[in-house]
Amino acid sequence: MPTLIDLGDGQRLDADFHLSEMERVECEESLATFLRYAWRICGTGSASYVHGWVVDAIAEHLEAIVDGDIRNLLINIPPRCLKSTLCSVVLPAFVWAQEARTHTSGPGVRFMFSSYSHSFAIRDSVARRRLIKSTWYRNKWGGRFNIVADQDQKVRFSNDQGGVSLITGIESGTTGEGFDILVVDDANSATEMLSEATITATNETWWDGSMSTRMNDPKKSARISVQQRLGELDLTGHILEKHSDEEWVHLCLPMEFEKGRSFVTSIGWQDPRKKEGELLWPERFGYAEVRKIEKSLLKWRAAGQL
């Protein structure tokens with residue numbers, strides 16, 4: 001039986017429906033809020049959700065992609081800080097839940113996802129499809145689109161409003177496919193940074209030669225590259241050196257704050273930390289945990305990845 005609230009004059013409100021509608025509206029307005037509600041479906045293992053300002057920072061910039069205020073977003077962040085969950089799993093579900101108002105919002109948006117690791121890309125595709133097909137999600141946004149039965153695979157699934165979620169490997173090419181939003185999640189592997197041929201294949205053959213022609217609308221399509229830094233020649237370094245004229249917004253979030261590298265992004269966001277060495281996400285990674293990671297990575301890897 002529904003819980004009814006008496007509003008007077010014979011009017012009653014279904015409290016459960018009202019709370020559900022409030023949740024839906026809150027989730028559509030805030031990617032960080034969407035993540036909180038979706039965590040029980042797409043969270044990592046049995047880990048409880050732990051919020052930090054870093055989630056809000058990433059979410060605000062991804063929302064600017066959806067709103068059309070940012071077209072090229074470069075995110076550098078240490079490992080295990082929810083970059084894949086936010087960018088590759090939650091973002092597409094959030095976008096498809098929106099009313100179509102920009103080229104990068106609504107269920108008709110066509111996503112392309114790439115990573116150096118095909119298995120990781122498959123993992124994230126399965127997670128976002130599970131989220132989109134979950135009872136929670138369908139109860140909120142099921143009336144806006146349906147997954148097409150004959151386009152419902154791990155590598156590619158589509159909806160009846162024209163939206164597409166497609167995985168393409170960095171090494172496999174993208175002939176004939178295009179995107180409204182591209183998400184490149186870890187373009188480089190640590191081992192590949194020792195191979196000049198592999199670096200050239202990723203940066204010049206794939207990124208410059210292939211992905212530059214895949215935008216469905218060269219004036220409106222958006223690109224997101226997120227990774228932990230692995231060296232000066234990784235995709236981040238390549239973009240910063242070769243593509244600065246394309247107005248990339250660089251959101252650099254080091255594990256420990258460096259005053260000399262403080263910055264303000266195009267949407268007015270600034271790192272809230274003030275003290276040298278202040279941690280990125282102390283609720284998850286305290287100094288003891290960070291020092292263990294540094295010891296495991298060794299000095300040169302830690303300098304890049306953290």
Side-chain angles (χ1 to χ4, degrees), residues 28-31 57-76 83 86-88 90-115 121 128 144-145 151 156-170 172-185 187 202-227 235-252 263-269:
E28 289 180 20
E29 292 179 346
S30 166
L31 181 59
I58 298 172
E60 287 174 23
H61 287 81
L62 293 177
E63 287 170 10
I65 288 279
V66 180
D67 294 338
D69 297 325
I70 293 178
R71 289 194 52 225
N72 298 298
L73 177 62
L74 186 59
I75 304 174
N76 295 136
K83 68 176 179 60
L86 271 166
C87 298
S88 297
V90 174
L91 174 64
F94 175 80
V95 168
W96 281 4
Q98 303 291 313
E99 294 281 0
R101 63 186 188 282
T102 67
H103 186 72
T104 45
S105 66
V109 172
R110 301 173 71 89
F111 280 92
M112 187 180 290
F113 299 90
S114 294
S115 173
R128 66 176 163 267
R144 294 189 177 173
F145 68 88
Q151 288 286 327
R156 180 189 186 119
F157 59 91
S158 306
N159 67 48
D160 58 3
Q161 300 302 308
V164 174
S165 168
L166 169 67
I167 294 173
T168 177
I170 288 175
S172 62
T174 57
T175 303
E177 299 289 354
F179 64 81
D180 299 317
I181 297 179
L182 169 69
V183 179
V184 183
D185 187 351
T202 297
N203 293 346
E204 298 181 15
T205 305
W206 176 75
W207 180 258
D208 293 346
S210 179
M211 300 313 293
S212 61
T213 65
R214 297 295 97 202
M215 289 180 280
N216 288 332
D217 187 333
K219 293 184 178 181
K220 296 180 180 179
S221 295
R223 296 176 291 182
I224 302 163
S225 177
V226 54
Q227 70 175 151
L235 184 59
T236 292
H238 182 71
I239 289 173
L240 292 176
E241 180 183 2
K242 301 289 187 179
H243 300 278
S244 59
D245 60 327
E246 296 178 7
E247 299 182 352
W248 282 80
V249 174
H250 188 195
L251 181 64
C252 184
F263 59 93
V264 180
T265 68
S266 64
I267 62 172
W269 183 90

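Please read these numbers as outputs of a predicted model, since none were measured by experiment. For the numbers below, each heavy atom of this structure counts, side chains included, while hydrogens, waters and symmetry mates do not.
- Listed for the Ser114 side chain is no donor-acceptor partner under 3.5 Å among the backbone atoms of Val184.
- Scanning for ring pair (Phe, Tyr, Trp, His ring centres under 6.0 Å) contacts around Phe179 gives an empty result, with sequence neighbours left out.
- Partners of Ser165 by side-chain hydrogen bond (donor to acceptor under 3.5 Å, both in side chains), not counting sequence neighbours, listed by chain and number: Arg128.
- For Asp217, there are no side-chain hydrogen bond (donor to acceptor under 3.5 Å, both in side chains) partners, not counting sequence neighbours.
- Taking the ring pair (Phe, Tyr, Trp, His ring centres under 6.0 Å) definition, one finds that His103 meets it with nothing, sequence neighbours left out.
- Every residue two or more places apart in sequence or in another chain that forms a side-chain contact (heavy atoms from CB on, under 4.5 Å) with Gln227 is listed here: Asn76, Asp186, Asn188, Asp234, Leu235, Thr236.
- Side-chain contact check for Ile239 versus Trp207: some heavy-atom pair is nearer than 4.5 Å.
- Checked by atom type and distance alone, the side chain of Thr168 never pairs as donor or acceptor with a backbone atom of Phe113 at under 3.5 Å.
- By the side-chain contact (heavy atoms from CB on, under 4.5 Å) test, Asp185 is found to be paired with Lys83, Ser84, Ser88, Asp124, Val226, residues two or more places apart in sequence or in another chain being considered.
- With sequence neighbours excluded, no residue forms a side-chain hydrogen bond (donor to acceptor under 3.5 Å, both in side chains) with Ser221.
- In this structure, the side-chain hydrogen bond (donor to acceptor under 3.5 Å, both in side chains) partners of Asn216, at least two apart in sequence or on a different chain, are Asp180.
- Contacts of Asp67 classified as salt bridge (Lys or Arg N to Asp or Glu O under 4.0 Å), with partners at least two apart in sequence or in another chain: Arg101.
- Looking only at distances, a side-chain donor or acceptor of Ser105 sits under 3.5 Å from a matching main-chain atom of Thr102.
- Under the side-chain contact (heavy atoms from CB on, under 4.5 Å) criterion, Gln151 pairs with Val148, Arg156, Ser158, sequence neighbours left out.
- A donor-acceptor pair under 3.5 Å is formed between the side chain of Glu63 and the backbone N or O of Leu31.
- Residues passing the side-chain contact (heavy atoms from CB on, under 4.5 Å) test with Glu28 are Arg24, Gln98, Trp141, Arg144, sequence neighbours excluded.
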